[in-house]
Amino acid sequence: MSAAEGPLVVGVDTSTQSTKALVVDVATGRVVASGQAPHTVTSGAGRESDPRQWWDALSEALRQCGEAAHEAAAVSIGGQQHGLVTLDGHGEPVRPALLWNDVRSAPQGRRLIEELGGAKFWAERTGSVPAASFTVTKWAWLAEHEPDAVRATKAVRLPHDYLTERLTGQGTTDRGDASGTGWWASGTEAYDEEILAHVGLDPALLPRVVRPGEVAGTVRDGHDLPFSKGTLVACGTGDNAAAALGLGVRPGTPVMSLGTSGTVYAVTQRRPADPTGTVAGFADARGDWLPLACTLNCTLAVDRVAALLNLDREAVEPGRGVTLLPFLDGERTPNLPHSSGLLHGLRHDTTGGQLLQAAYDGAVYSLLAALDLVLDEDADPSAPLLLIGGGARGTAWQQTVRRLSGRSVQVPRAKELVALGAAAQAAGLLTGEDPAAVARRWDTAAGPVLEAVERDEETLARLAGVLSDAAPLLDRGTDTA
């Protein structure tokens, strides 16, 4: 490792599929070491992971970083949002964590909306209308289906909270990740006692919400990670808020993330509240807000279609008339948790490449349909759309986003933006800077800009029509028993 100009920090991304760790030079933003280790996730309607494997993956990722991790002065963890981690009195998992893409709690979500004042109540109180992804619905599902697990639970955490607590010995979270639970009131920025009482969750089981810029704790003794005792630990945050930090996003700049899930979001200074439930009114990690729309089916779904067709993921062909809604895992935006994929307009002359392009179109359409709701009236419509995530460097993804959005698209060169955002948060503890300003100093958003092309109104209209006509069928889902 070459000499660093400033102190070193570690930023962690504990995502659905793996944990990544970066050791970053605070002065320059240079990544001096990195590591990654996988997780396993169950398949089907229930998506679960054992939280202990996140710790094992973190240990392995840091081991790969070598001596640089030991030299770090601060660490922060960004993580997958919404997951329900239930711990016993010894801090051990009561059961595997229910992940964000576990859709079994959809009935509980609908019931909570009906029982507590309707969608408008939830949007005004928490900023969001609870869908199956939200933690509050998962707790309600657990209480209904596994009451013994609920009785054994002595602490409730989110995925990033679990790892932070194992580092510090203290139960903490941050406003960004707390805002995705459904039991944190965005108006008062505190846990909502009425909602907690309704779902039978004692607020004493929840972590303390650490303020932006506040130290969550220090690394304690008795761990098997390469950190020195006393290393500062930031509060961490959810993955989307961490990526926004990693980009140094300013208010009004649109971001589209193409990963296992797809998201569109922007930073705003106005507290969002969308009673339709399309936009989740999340807090960001700094003190502003992060209205966001999320789809369950993005790169993984399109790759699955490519595999079924025995095609490379870039082997798309232009074509008209065929529509594919790749809702392979149910869908959150639009809110169709029991849906499956739908193909319409198949003809004798339809090619495999055209079907694959239709899968891209269907995945991107769902995100763009929510973008106007995410952006407020102060947003610049000519600003480039920042395209990030695993799919952002794929030519087919880039061209589909350009064609269906009609906007210019900027692809940042920086990779692992969630971990970089966590690193910027850790750096802010050392320098006193706003973490987003740290990321801008590191120039993380720099990258090529693809010029705007004429928007494909014909395809957009066809997708909207098929989705509208098929919504009752999609809402019924299929019997997979």
Side-chain angles (χ1 to χ4, degrees), residues 240 243-244 246-259 261-270 272 274 278-280 284 288-295 297-299 302 314 316 318 320 323 325-326 333-334 357-415 417 436 439-440 443-464 467:
N240 290 297
L247 287 166
V249 173
R250 297 183 187 274
T253 301
V255 181
M256 178 182 289
S257 176
L258 303 172
S261 64
T263 57
V264 286
Y265 57 82
V267 172
T268 180
Q269 296 177 336
R270 295 182 175 89
D274 175 19
T278 301
V279 176
D284 78 349
D288 288 330
W289 302 93
L290 196 73
L292 176 148
C294 176
T295 63
N297 298 278
C298 195
T299 59
V302 172
E314 295 289 343
V316 296
R320 300 287 183 181
T323 302
L325 301 177
T333 305
Q357 180 61 68
Y360 279 96
D361 289 349
V364 170
Y365 171 79
S366 294
L367 289 166
L368 291 177
L371 184 60
D372 288 340
L373 294 172
V374 164
L375 296 172
D376 63 25
E377 58 266 30
D378 294 335
D380 181 0
S382 65
L385 176 61
L386 291 178
L387 196 63
I388 64 172
R393 287 172 171 76
T395 301
W397 281 110
Q398 292 175 0
Q399 299 308 321
T400 302
V401 172
R402 290 176 72 202
R403 179 171 51 83
L404 296 185
S405 71
R407 302 182 73 121
S408 58
V409 171
Q410 184 170 356
V411 184
R413 293 190 185 91
K415 300 179 181 179
L417 286 163
R440 289 194 289 270
D443 202 19
T444 53
V449 177
L450 309 176
E451 294 302 320
V453 298
E454 184 178 359
R455 192 161 71 164
D456 185 352
E457 300 288 358
E458 179 183 339
T459 296
L460 292 169
R462 175 166 43 79
L463 280 158
L467 180 57

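As a basis for the values below, the full set of heavy atoms in this structure was taken, side chains included, without hydrogen atoms, waters or symmetry mates. Worth saying up front: this structure is predicted, and the values here are computed from it rather than measured.
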So, do Thr459 and Arg403 sit near enough that their side-chain heavy atoms are less than 4.5 Å apart?
yes
Leu258 and Leu367: which non-hydrogen atoms are nearest, and at how many Å?
CD2-CD1, 4.0 Å
Residue pairs meeting ring-ring contact (aromatic ring centres under 6.0 Å, His included), one or both in residues 369-407, sequence neighbours left out, come to Tyr360-Trp397
Can you tell me if Glu457 has over 12 outside heavy atoms packed within less than 6.0 Å of its CD?
yes
Check whether any side-chain heavy atom of Leu290 sits under 4.5 Å from a side-chain heavy atom of Val267, and report yes or no.
yes
Does anything in residues 374-395 pair up under ring-ring contact (aromatic ring centres under 6.0 Å, His included), and if so which pairs, sequence neighbours excluded?
none
Would you name the heavy atoms of Leu247 and Ala439 that are closest together and state the gap between them?
C-CB, 4.3 Å
Under the 3.5 angstrom rule, does the side chain of Thr295 hit a backbone N or O of Thr333 as a donor-acceptor pair?
no
Main-chain N/O of Arg455 paired with Arg407 side-chain donor or acceptor, under 3.5 Å:
no
Ala452 versus Gly406, closest heavy-atom pair with distance
CB-O, 3.5 Å
Judged by atom type as modelled, is there a donor-acceptor pair below 3.5 Å linking the side chain of Gln410 to the main-chain atoms of Ala446?
no
Main-chain N/O of Glu451 paired to Arg402 side chain as donor or acceptor, under 3.5 Å
yes
May I ask you to say whether Arg250 pairs ionically with Asp380, meaning some side-chain N is under 4.0 Å from a carboxylate O?
no
Looking at every non-hydrogen atom in both residues, tell me the closest pair between Ser382 and Ser408 and how far apart they are.
O-OG, 4.2 Å
What are the two closest non-hydrogen atoms of Ile388 and Tyr265, and how far apart are they?
CD1-OH, 3.6 Å
Donor-acceptor check, side chain of Gln269 to backbone of Pro251, threshold 3.5 angstrom: yes or no?
no
For Val374 against Pro291, the heavy-atom pair lying closest together
CG1-O, 3.4 Å
Would you check if Thr268 and Asp284 make a side-chain contact, meaning some heavy-atom pair closer than 4.5 Å?
no
Hey, does the side chain of Thr299 reach the backbone of Gly259 with a donor-acceptor pair shorter than 3.5 angstrom?
yes
